[in-house]
Structure formats: C-alpha cells, structure tokens
Amino acid sequence: MEIDGLDKYLEASQIAKKIMKYGRELVKKETGYLKIASSIEEETKKLGAKPAFPVNISVNGIAAHDTPELNDTREVKPTDLVKVDFGAMIEGFCIDTAFSYSPNNAHAKLIEAAEMALQNALSVVKAGVSTKAIGKEIETTIKQYGYLPVENLCGHSLEEYNLHAGVEIPNVERGGHILKEGEVFAIEPFASTGAGRVNDGDYCQIWSLNPQSNLNVRLPKSRELLGTVAESYMTMPFAARWIKNQSMLFLSLRDLEKQGALESYPVLKEAKKDAFVSQAETTLIVEENGAKILV
C-alpha cells in the first residue's frame with residue numbers, strides 16, 4: 001500500500017532514533033530544563049530535521065506540555081521523575097516519541113509500567129484491530145503494576161503538518177476506530193500513582209496557529225507575531241522562547257489567543273497532589289499483519 005510521505009517518515013525516523021539515544025545520555029549529564037530541551041532541539045536541526053514541537057520536560061506530577069521559558073532556571077533533582085517528549089519533522093511528516101527518566105531510580109517500577117504498556121499495545125497493533133483493544137492492553141498492563149492509566153490523555157493519528165489528526169488511541173478500554181493499513185499513529189501510555197486524570201495547569205509556554213482563524217488582527221505587535229508564526233511554524237506548535245522578538249511577546253500571545261488566532265497548550269497536571277506520572281511513546285505505521293515501529 002502506498003503511504004503518503006513514507007520516505008519522509010522514514011528519514012525522520014532515523015533522526016528520531018539518534019535523538020532518542022542522544023537525549024537519554026543527555027539527561028544523565030545535564031539537569032537544567034532549558035539545557036536539556038534546547039540541546040535536543042539543536043541536535044535535531046543538526047541532523048537535518050526540524051523539531052516537530054517544543055521539547056517537553058515534564059516532571060513528577062506534570063504529565064505533559066511543560067517546555068522551558070527563555071531564562072528558565074529549573075533543575076532536575078535526583079528524586080524527580082522526568083518525561084522527555086520530542087518530535088522530528090521532515091517537510092511536515094513527524095515522528096513523535098518520549099521516554100521517562102529517574103536519576104536515582106526511585107521511579108523505576110512506574111517507568112517500567114508505561115514502557116511495558118507500550119510494548120504490549122504494540123503487540124496487538126495491525127489492520128482491523130480496534131483502538132478499544134489497544135486501550136484495553138494499556139489499561140490492563142498498567143493496572144497489573146498497581147497504577148492507573150491517565151484516562152484523559154491518549155495516543156493520536158498523525159498526518160502531514162498535523163500532530164493530532166483526529167483519531168485517538170486511548171489509554172483505557174474505549175474507542176471504536178478500526179485501524180487501517182497505512183495509518184500513522186503515536187501511542188503513548190501514561191502511568192500514574194494518582195487519580196489517573198490530568199487537569200490544565202496555570203503555566204503555558206506552547207502555542208500553535210489556529211488554521212481556521214482570521215489572520216486580520218488590529219494590534220501591530222500581534223499582527224507582526226502572527227506573521228512570524230504563520231511563516232516559521234505554520235500550524236505546528238512553537239515555544240515562546242523560540243520567538244526572537246520578545247518585546248511585548250506575552251501580551252501579543254494572549255491577544256491572539258483571545259481572538260482565536262492561536263491555541264494554547266497549558267501544562268497538564270495529575271489531578272491528585274503529589275502524584276507521579278510516567279510516559280512512554282513511539283510512532284508507528286499500521287501494516288496488514290502488524291506495525292512498522294519508527295522509533
């Protein structure tokens with residue numbers, strides 16, 4: 001079966017594999033959130049891809065969407081559980097992947113739960129399988145470890161310049177989509193010691209252009225920013241720290257968000273205080289009798 005952008009996915013796949021190895025080694029040496037994120041983004045560019053989205057450094061009970069700000073001073077502590085989520089993009093075709101890391105191995109079992117859930121999910125992927133069956137595999141595995149899957153986070157289909165293309169792969173037993181040969185998905189189990197549910201936090205450093213928005217805005221700074229975003233990132237997520245002109249940046253971001261021109265991605269936090277969340281993720285292409293794993 002002919003797959004749109006297959007050569008680009010495969011090229012991005014090779015880069016993502018190198019970045020995965022690079023990132024795993026990096027977190028053993030570096031502790032600064034900003035250093036880790038920016039180093040992975042720069043290495044991705046050096047290898048010939050673009051970051052598909054800002055590198056997420058989500059720690060402990062923060063499950064996703066935490067990327068450093070421009071002058072971020074946060075450091076990873078030995079007792080932390082760190083999720084590193086990154087993407088490599090070639091001409092709009094993206095690989096989305098993630099790993100978890102515990103500096104002192106205090107969270108090794110929780111990390112293993114997410115990783116094993118991913119492996120068990122991959123074992124049932126093939127054309128004709130329901131997303132409900134995949135979600136069941138993830139949920140069962142994580143509960144066998146004594147934790148809960150995060151039920152309101154899910155894997156997702158990918159298309160050209162579209163990280164979340166509409167079809168979800170849940171982390172619990174639900175959903176009715178039947179996998180088709182040639183579809184591209186990211187599967188990402190999250191295992192939690194808490195409630196198994198996330199809420200929006202009050203910290204946000206990631207935005208994306210709303211393709212349905214009216215690009216005619218009144219404030220000059222907002223109009224300038226919108227032009228930069230449309231030209232540089234199209235509809236892909238970007239970090240505030242990526243914008244060179246920081247003058248009145250957050251005023252412009254909030255103005256554009258209020259007008260519906262931008263969508264924001266606040267951090268996602270476990271609903272239960274002091275909980276920990278682990279993550280594992282890979283991207284795959286559905287095949288007739290299995291899956292082509294890209295990372």
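Heavy atoms only: backbone and side chains are in, while hydrogens, waters and symmetry mates are out.
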#### Entry: Residues forming a side chain to side chain contact (heavy atoms under 4.5 Å, CB included) with Lys132, sequence neighbours excluded
Ser130, Glu173
### Query
Do Met116 and Ile134 share a hydrophobic cluster (ILVMFWY, side-chain heavy atoms under 4.5 Å, transitive)?
yes
#### Entry: Approximate separation, where rounding is to 0.5 Å, of Ile90 CD1 and Glu11 CD
4.0 Å
### Query
Are the side chain of Ser192 and the backbone N or O of Pro149 linked by a donor-acceptor pair below 3.5 Å?
no
### Query
Do the side chains of Val267 and Ser58 get nearer than 4.5 Å, heavy atoms only?
no
### Query
Can you name the nearest heavy-atom pair linking Leu81 to Ser278, along with the distance?
CD2-CA, 4.1 Å
### Query
Under a 4.5 Å side-chain heavy-atom rule over Ile, Leu, Val, Met, Phe, Trp and Tyr, are Tyr147 and Ile138 clustered together?
yes
### Message
Under a 4.0 Å threshold between the charged nitrogen and the carboxylate oxygen, would Arg74 count as salt-bridged to Asp72?
### Response
yes
### Message
For Asn104, is the CG atom crowded, meaning more than 12 foreign heavy atoms sit under 6.0 Å from it?
### Response
yes
### Message
Please find the pair of heavy atoms, one from Ser157 and one from Gly166, that lie closest to each other, and give the distance.
### Response
OG-N, 3.5 Å
### Query
Stepwise, does the side chain to side chain contact (heavy atoms under 4.5 Å, CB included) test hold for Lys269 with Val198?
CA-CA 5 Å; Lys269 302 173 65 174; Val198 294; 5.9 Å; no
### Message
Check the orientation of Tyr265 and His65. Use parallel for under 30°, tilted for 30 to 60°, and perpendicular for over 60°.
### Response
perpendicular
### Query
Are Leu226 and Leu209 side-chain neighbours, meaning at least one heavy-atom pair lies under 4.5 Å?
yes
### Task
Would you check if Phe53 and Ile206 make a side-chain contact, meaning some heavy-atom pair closer than 4.5 Å?
no
### Query
Are the side chain of Asn210 and the backbone of Gly260 linked by a donor-acceptor contact shorter than 3.5 Å?
yes
### Query
Lys35: what forms a side-chain hydrogen bond (donor to acceptor under 3.5 Å, both in side chains) with it, not counting sequence neighbours?
none
### Message
Quick one: does any side-chain atom of Ser222 pair with a main-chain N or O of Leu256 as donor and acceptor, under 3.5 Å?
### Response
no
### Rounded distance (nearest 0.5 Å) linking atom OG1 of Thr282 with atom CD1 of Ile293
6.0 Å
### Message
Using the rule given for salt bridge (charged side-chain N to carboxylate O under 4.0 Å, His left out), can you reason through Lys109 versus Glu112, listing the C-alpha separation, both sets of side-chain angles and the distance that settles it, and then say yes or no?
### Response
CA-CA 5 Å; Lys109 183 182 175 184; Glu112 183 180 323; over 6 Å; no
#### Entry: Val124 reachable from Ile285 in the ILVMFWY side-chain graph, under 4.5 Å edges
no
### Task
State whether a side-chain donor-acceptor pair under 3.5 Å links His177 with Glu168.
no
### Task
Evaluate the criterion side chain to side chain contact (heavy atoms under 4.5 Å, CB included) for residue pair Asp96 and Asp85; output intermediate values, then yes/no.
CA-CA 8 Å; Asp96 186 357; Asp85 194 340; 3.1 Å; yes
### Query
How many angstroms lie between atom CG of Asn56 and atom CD1 of Ile36, to the nearest 0.5 angstrom?
12.5 Å
### Task
Give a yes or no on whether Ile111 and Val84 share a hydrophobic cluster (residues Ile, Leu, Val, Met, Phe, Trp, Tyr; joining criterion: side-chain heavy atoms under 4.5 Å apart).
no
### Query
Is the backbone of Val277 close enough, under 3.5 Å, to the side chain of Lys83 for a donor and an acceptor to pair up by distance?
yes
### Query
Would Ser13 and Lys17 satisfy side chain to side chain contact (heavy atoms under 4.5 Å, CB included), going step by step from the backbone distance to the final call?
CA-CA 6 Å; Ser13 168; Lys17 288 176 182 178; 3.7 Å; yes
#### Entry: Between SG on residue Cys94 and CG on residue Leu294, distance to nearest 0.5 Å
12.0 Å
### Query
Side chains of Ile243 and Tyr233: closer than 4.5 Å at any heavy-atom pair?
yes
### Summary
Distance col, row Gln279:CD vs Phe99:CZ, nearest 0.5 angstrom, shows 10.5 Å
### Task
Would you mind checking if Arg174 and Glu151 are paired as a salt bridge, meaning a charged N to carboxylate O distance below 4.0 Å?
yes
#### Entry: Main-chain N/O of Lys272 paired to Glu270 side chain as donor or acceptor, under 3.5 Å
yes
### Message
I'd like to check Asp66 versus Val59 (side-chain heavy atoms, cut-off strictly below 4.5 Å). Are they in contact?
### Response
no
### Message
Side chains of Arg254 and Trp207, heavy atoms from C-beta outward: is any pair under 4.5 Å?
### Response
yes
### Message
Please evaluate residues Ile19 and Ile95 with respect to the criterion side chain to side chain contact (heavy atoms under 4.5 Å, CB included), reporting the C-alpha separation (whole Å), side-chain torsions for both, the decisive distance (0.1 Å), and the verdict.
### Response
CA-CA 11 Å; Ile19 294 298; Ile95 302 297; over 6 Å; no
### Query
Is the His107 ring parallel, tilted or perpendicular to the Phe276 ring (thresholds 30°, 60°)?
tilted
### Summary
In short, Glu257 meets Ser264 closest at the heavy-atom pair OE2-OG, 2.9 Å
### Query
Applying the 4.5 Å side-chain criterion to the ILVMFWY set and letting contacts propagate, would Leu225 and Met248 be lumped into a single cluster?
no
### Query
Taking everything shown except Lys180 itself, do over 12 heavy atoms lie less than 6.0 Å from its NZ?
yes
## Note on the structure
Note: Gly194 and Leu148 closest approach over all heavy atoms is O-CD1, 3.5 Å
### Query
Can any side-chain N or O of Gln246 pair as donor or acceptor with the backbone N or O of Ala240 at less than 3.5 Å?
yes
### Message
Looking at every non-hydrogen atom in both residues, tell me the closest pair between Phe93 and Ala12 and how far apart they are.
### Response
O-CB, 4.1 Å
### Query
In Å, rounded to the nearest 0.5 Å, how long is the span from CG of Leu179 to CZ of Phe185?
5.5 Å
### Query
Which pair of heavy atoms, one from Glu160 and one from Tyr9, lies closest together, and at what distance?
N-OH, 4.5 Å
### Query
Taking the side chain from Asp80 and the backbone from Val82, do they hold a donor-acceptor pair closer than 3.5 Å?
no
### Query
So, Glu139 and Lys136, do they make that salt bridge, N to O below 4.0 Å?
no
### Query
Checking Arg241 against Tyr33: charged group under 6.0 Å from the ring centre and within 45 degrees of the axis?
no
### Message
For a 4.5 angstrom cut-off between non-hydrogen side-chain atoms, does Val229 reach Phe238?
### Response
yes
### Query
With a 4.5 Å heavy-atom cut-off, do Thr44 and Val55 have their side chains touching?
no
### Task
Could I get the full list of side-chain hydrogen bond (donor to acceptor under 3.5 Å, both in side chains) partners for Glu75, not counting sequence neighbours?
Thr31
